[in-house]
Structure formats: C-alpha cells, structure tokens
Amino acid sequence: MSSRASEVRTVLLLLFALLLAASALQMTAHGDRVSGLEFENDIYFVSSKSTEGGWVELEVTLRTGISRNVIVEIVSELDPEEGWSLTAPPPIYLQPMDEVVFEVKVTAPPGQAAGTRCRVTITAVKEDGGDLGSDACIVEVLPTTDFVISPTEEVLIDQPLEGELELSLSNTGNIPLTFTITSSEDLLSGASTSLLASGETAALLLGYSFPTDIDRSFILLIISPAGSLNTLAVQMVREGDRLHIFYGRQPRLFLYPSVPPEDGSVTALVLGGEVNNLGIETFGNDNGTEIVSNVIKSASELDRPTFTLKARGFTGKRTISVRAFGFVDGHRTTSNGVPIRIVGERAEKGLPVSAPAVIGGMTGGISLLAGSAAYLYSASETFRWRWLLLTLVPLYSLIKDDKVLDHFFRGRLYEFIKVNPGITYTALKDHFDVNNGTLTYHLLKLEREGLLVHRNMGRYKLFYAEGVRIRGCEIVVSELDIEMLSIIGRMPGINAPDLFSSVSTTRSKRTMSRHLKQLQRKGLVDVRSTGPERQLFVRSGEHSYLNPTRGVVELSDLAHHSTG
C-alpha cells in the first residue's frame, strides 16, 4: 500500500510540474503584448444637421500584461474618411499590468443622411513601431429633426390692413420633413402643408386681413413637422389705417430716417409696450465716430420720438450706422440699423485719452514698473483699479474736458449698473467696449458724486447703484455652471446623462462631470438616489453667485424649481 501511495504522489507531482511549465510558457508568450484594447460598445450613434456636424465620444479601455514600462501611441483609421474626423489622445504611458480608460472624439460631417455608418479602428503602437493590438466599432448617424422658421424682415411698419407675410422655412435636419402650418387666429390665410428635403429652404407667403374693429392682435404660428412643435409669435398693431407687424413677445424698436430727411436726424417707433432710457448709438465699423444724442426717459407704444444727432471725431460729412437702444424690464433691447449722413465737429486737440497712448508716453522707469505689474494687472480687477487710480486717472483728468457726451456715457453706465447690480469691472468694459482709462475715470466720477458704490470680492470688483442692497456672494461659477444650473432648475430630478446631453456647448463628459461635482461641493446641487438612478436638484435657499461676465446673480433667477 505504501509503495502504491508513493507512486500516486509521484504522478501528482509530475502533473503539477507540467502545469507550472505550461503556465510559464503562456506568460512568456504573452508577456510583451497588450492583453486587451476594446471599445466600450460595438456601435455608437451621432446626430448630424445640414448646417453642422455632430460628435460623439467613444470610450476605450486599454489593458496590458507587459512586464515593463512602455509608451503607447494611439493610431486611428476611419472608413470612409471623407468629412469624418477623429481626435485621439496623446501618447499614453503604461506601467506593468496597467489599465487605462481614454476617449476618442469622432465628428460626423454636416448633412449626413440618417443611417450612414463610419467604421472606426484604433491601434495601440509602441514607440519602436510594434503593434500591440487593435479594436473597431461602428458610428451611425441618427435621424435628426430640426428646422428654422424666420421672417424675412423682423419689423414691418406702415403696412396696409390687408397684405402678405413672407417667412422662410428651412429643414436643417438630415431627413425629409412634412410641415403643417396653422395659426391661432383667423387673420391669416394660405397656411398649408409643405415637404422639404434635408437642407432645403422654402419661402412661405401667408395672406392676412386685419379687421377694422380691433387695435392689435397676437398670432401664434404653429409649425409641426413629424409630430414635433415649434412656434413663431406674430404681433400686429393697428394705427388708424396702417398696420405695424413684428415678431416675438417682447416690445420692439424700429428706427428710420426722419421725414423729410435731414442730416443727423432719425425717428424711432416703439411697438408692443414701454421702453425706458431710449437713446441712439453707433455700431459696427464707425471709424471712431462719437455721437451726441438726447435721451428719452420713457416712450410708450406707438410713440415716435425724433433724435437730432451731433458727431465728433472727424470734420465734414460722413455716413455712419446708428441704431436705437433702450431698456425693457431691465433688459437692453436694440432696433434695426440705419445709415445716416452726419456732420462732424472739429476733432478735439490735446493728448489722446486712451490708456495705451498715455502709457506709451511715460518714461522708461514707469514702463518697467508697469511691465513688472502686468500679471497682477491682467489677473485681478482690484489691482487694476488701484493701479489706474494711481497712474492713468490723474493724467486722464488733466487732459479730459467734460463734454455733453461724457455725461451721456455716464448716464448709460449708471443705468446699466442700476439694472445689473453686482456687475464686474470686466463685464462693464466688455459691454461698453471702452478702454480701461475711460471706464475707470467715469466710474470714479459716479462714485464721487455718490451714485455708485463698489465692493471687492477676491480679484473681482463689483459695482452697485447707491441705495441698492449689496448682495453677499462667495461663490464663483462659470458659464457652463450657469447653464447646468438652469437646466436642473427647469427639469428637477434630471439624471446626469440627460443633463450632459442637454448642454448646448461642446464639452466632454469628463469636463461636465467635473463641473457637476464642483456644484455639489459648492452646495448648489443636491443628488438623490432612487434605486440605480441618481436625480439632480438645485438646492433651496437664497443663494447668489458671481460670474465674471455677468456679475452677481441670484440663484433663484435660474432655478425655478428646487428641493424642499
């Protein structure tokens, strides 16, 4: 018995030795190649409009059994190549038995028909050119229903009580669409059904007949392709035997040359409500022209205030483009543009008032000091403000002769800050498109006159009208954060994937996930788990935040829904 047991033990030991040897051979055979490179899915989907291509991020996992450190390059191949593009990551550093998850971004060309497919192949290659493995997947274009309806003219004035409206309807999706056009009133005729191919645009002529027993009407054009819904609001205002037509729900401004025409004279027409602080401004390429204009504190519907303009910055006559502007419930609105002939006054003598010109005339020692402070100047509004007060504003004040235009600009500046409390220095500079010296000079004037106050928050300087409650704010958020908060506020309980797909800007999932986590850490977003799903809510309470381009805004302005 003992001899037989000894033989059995010997056989078992031999079998175990053979297994070890086979395992060692297998490890040697596979010791210098990637043990796994694969897409998360075999097929991905992307949308594609006729006006722009869509994009999708493909998640790829790279696993290695390599027994040494290695740098791997990701090589891509697209079939077909025409119009499609792929963004791969930079070379990846792998350690032994490492696993890396990365993303490649695939962009479809505009106007790709629904169902079009592209085969994506990626290969991992070592520095010395050795192929370590590859995988492939399919990207398919989804049907995209999208269209644009727009009037050929935003505002029509002095129209007959019977006529036609001309609209443009464009199919910007990638499938043919059948459009059914209806209206909420009986004033329109000619509504019909139209079939538009992808990328096709059609002109729509809708007849109207306005009754003489009403003064104004609101019409909702309903355009419904393939079960979706889009609307265009049409407003009609009767003035005697004339009709004014404009689009949208907000009051509108219309600007036209005065009758009879006269150099520097324009007339505005207010439609749809009241507009406050109505004035005239140049826009576009005005070649440095500055205009002087009176300001109308308030204009009601169908008011037609006339503005007689003066200009400076040139001599003789010049054609410039001007438009009317005003404020409706604190929001700025502008009119159409009008070219006018205007007579310019003689240019002012003296030194230029722009900050670059003043700095250019300083001594070498001051230039060196300015250069050493350049980083702080660009990074901090608070530092920039103090620097300008110490250097440029005294010089600016010496060469500056307060004119009517300066009072007009300060009035606009004050009104804008009044309706945008907590606005930042940078946002003011961008909105009014002025240099640092000009803006600092006029802000200082308003503060000395007791009309403005400011508050420093970190590297930002916030401005308020005197008497306005200064809202506390310790949280800075970006434009992406604002959009995400707005979406969550409109759709409480939305999950993260749906939130990311609703964001209009082109950002990676990784970026949006990072911003969402920051919003949670800042106490602006709550996460609730209901089974496997995580729902997002905007936190309740009177929160305020700072956005460098908008200033201080209450969180409740964005979030119409919040957690209890």
Side-chain angles (χ1 to χ4, degrees), residues 277 279-283 286 288-293 295 312-313 325 327 332 334 348 350-362 366 370 373-466 468 470 546-553:
N277 298 316
I280 305 296
E281 64 184 4
T282 61
F283 73 99
D286 55 19
T289 302
E290 296 178 309
I291 62 169
V292 181
S293 164
V295 175
R312 70 182 188 187
F325 71 90
F327 293 87
R332 195 173 193 269
T334 57
E348 294 183 14
L351 294 174
V353 298
S354 66
V358 176
I359 294 175
M362 291 182 177
I366 296 178
Y375 173 76
L376 289 174
Y377 181 86
S378 61
S380 171
E381 292 181 357
T382 305
F383 182 86
R384 189 186 319 171
W385 175 265
R386 292 173 180 170
W387 174 268
L388 291 169
L389 290 183
L390 290 173
T391 57
L392 301 187
V393 171
L395 292 174
Y396 192 99
S397 301
L398 287 174
I399 63 177
K400 187 67 177 173
D401 182 17
D402 246 12
K403 301 292 185 180
V404 175
L405 183 63
D406 298 319
H407 294 287
F408 173 64
F409 174 74
R410 281 204 292 277
R412 291 173 58 197
L413 183 62
Y414 171 74
E415 288 296 333
F416 186 75
I417 294 173
K418 187 176 180 180
V419 298
N420 295 280
I423 193 74
T424 63
Y425 182 93
T426 301
L428 289 171
K429 184 176 180 298
D430 292 342
H431 177 80
F432 289 101
D433 193 22
V434 292
N435 58 51
N436 287 307
T438 300
L439 180 60
T440 304
Y441 171 78
H442 289 294
L443 287 172
L444 185 62
K445 277 275 191 180
L446 289 171
E447 285 200 312
R448 287 175 175 173
E449 291 170 6
L451 296 175
L452 292 185
V453 295
H454 74 266
R455 173 183 179 233
N456 294 331
M457 178 188 164
R459 64 189 182 95
Y460 297 106
K461 184 173 288 291
L462 316 182
F463 291 88
Y464 304 82
E466 178 63 39
V468 174
I470 297 181
L546 173 67
N547 177 259
T549 60
R550 301 190 188 192
V552 178
V553 182

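Below, each value reflects all heavy atoms present in this structure, side chains not excepted, and no hydrogens, waters or symmetry copies.
Here the NZ atom belonging to Lys429 is positioned 8.5 Å from the CG atom belonging to Leu439, to the nearest 0.5 angstrom. Note: Asn277 CG to Arg332 CZ = 11.0 Å, rounded to the nearest 0.5 Å. Here the straight-line distance linking atom CG of Leu413 with atom CZ of Phe463 works out to 8.5 Å at 0.5 Å rounding. Atom CG of Asp430 sits about 9.5 Å away from atom CD1 of Ile423, to the nearest 0.5 Å.
Side-chain contact between Arg412 and His431 is absent, with no heavy atoms from C-beta onward closer than 4.5 Å. Residues Glu281 and Thr334 form a side-chain contact, since some pair of their non-hydrogen atoms from C-beta on lies under 4.5 Å apart. You'll find the side chain of Ile417 stays beyond 4.5 Å of the side chain of Leu451, heavy atoms only. Taking 4.5 Å as the limit, some side-chain heavy atom of Lys418 sits within range of a side-chain heavy atom of Glu415. Side-chain contact check for Tyr414 versus His442: every heavy-atom pair is 4.5 Å or farther apart. Side chains of Leu443 and Tyr425 form a contact here, defined as non-hydrogen atoms less than 4.5 Å apart.
Looking at residues two or more places apart in sequence or on another chain, you find no ring-ring contact (aromatic ring centres under 6.0 Å, His included) involving Phe327.
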